[in-house]
Amino acid sequence: MSLTPVEVVKKFWELMATNDFHSVGSVLSDDFVLEWPQSNELIRGRRNFALMNEEYPAHGRWQFSVNRVIGNENEAVSDVSVTDGVQRARVISFFSVTDGRIVKMIEFWPDPFSAPANRAHLVEQMSDTL
């Protein structure tokens, strides 16, 4: 019996946390693609995915804190905080899963920004994750 998409995505992030990015290929399909709409890039295949992660400039080991994963019978979405000890980011990833393998990911890496002063009386500052 195949894992559910939510289980596959949780496994994906567990494997990412090992920093052995080639191991992540075990949950990626043969025709895997990753889309980054913000930079208009498409990464095709397990090998390119692993190499892109290995070659990304980092200050230390990558750490991943899964904030939330939700899904249905074919898809899952994750909200994950990422850091290398210096860089910090939050990534929202949409996964399409077939037969227990990730076929497609679409990821959004939003840039943080300072809250406008005009609403300071209405809000509280959130604590950093990671």
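Bear in mind that the values here come from a model prediction, so they are computed numbers and not experimental data.
Across every non-hydrogen atom of Gly25 and Arg46, the tightest pair is O-NE, 3.0 Å.
For the side-chain contact (heavy atoms from CB on, under 4.5 Å) test, residues two or more places apart in sequence or in another chain that qualify with His59 are Asp84, Val86, Gln87. By the ring-ring contact (aromatic ring centres under 6.0 Å, His included) test, Phe21 pairs with no residue at all, sequence neighbours left out. Contacts of Asp99 classified as salt bridge (Lys or Arg N to Asp or Glu O under 4.0 Å), with partners at least two apart in sequence or in another chain: none. By the salt bridge (Lys or Arg N to Asp or Glu O under 4.0 Å) test, Asp31 pairs with no residue at all, sequence neighbours left out. Taking the side-chain contact (heavy atoms from CB on, under 4.5 Å) definition, one finds that Ser39 meets it with Trp36, Glu41, sequence neighbours left out. For Pro116, the side-chain contact (heavy atoms from CB on, under 4.5 Å) partners are Asn118, Arg119, not counting sequence neighbours.
Panel note: side chain Arg90, backbone Pro110; no donor-acceptor pair is recorded below 3.5 Å.
Between Phe12 and Phe49, the ring planes lie tilted relative to each other; the angle falls in the 30° to 60° range.
Summarising the hydrophobic clusters (Ile, Leu, Val, Met, Phe, Trp, Tyr; side-chain heavy atoms under 4.5 Å, direct or chained), the residues clustered with Val33 are Leu42. Grouping Ile, Leu, Val, Met, Phe, Trp and Tyr residues whose side-chain heavy atoms lie under 4.5 Å apart, directly or via other members, places Val77 in a hydrophobic cluster with Ile70, Ile92, Phe94, Ile106, Phe108. Residue Val123 is found in a hydrophobic cluster whose other members, listed by chain and number, are Leu122; membership requires side-chain heavy atoms under 4.5 Å apart, directly or through intermediates.
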Please set out all donor-acceptor pairs under 3.5 angstrom arising from side-chain atoms of residues 13-20, sequence neighbours excluded.
from, atom 1, to, atom 2, distance (Å)
Trp13, NE1, Ser78, OG, 3.1
Thr18, OG1, Leu15, O, 2.6
Thr18, OG1, Asp20, N, 3.1
Asn19, OD1, Trp62, N, 2.8
Asn19, ND2, Ala17, O, 3.2
Asn19, ND2, Trp62, O, 2.9
Asp20, OD1, His22, N, 3.4
Asp20, OD1, Ser23, N, 3.4

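Here salt bridge (Lys or Arg N to Asp or Glu O under 4.0 Å) pairs that include residues 100-116, with residues two or more places apart or in two chains, are Glu35-Lys104. Sorted by first and then second residue, the salt bridge (Lys or Arg N to Asp or Glu O under 4.0 Å) pairs with a member in residues 62-77 form an empty list; sequence neighbours excluded.
Here the side chains of Lys11 and Val8 are not in contact, with every heavy-atom distance at 4.5 Å or above. Looking at heavy atoms from C-beta onward, Val82 lies in side-chain contact with Val80 at the 4.5 angstrom threshold.
In this structure, a donor-acceptor pair under 3.5 Å is present between the side chains of Asn67 and Ser81.
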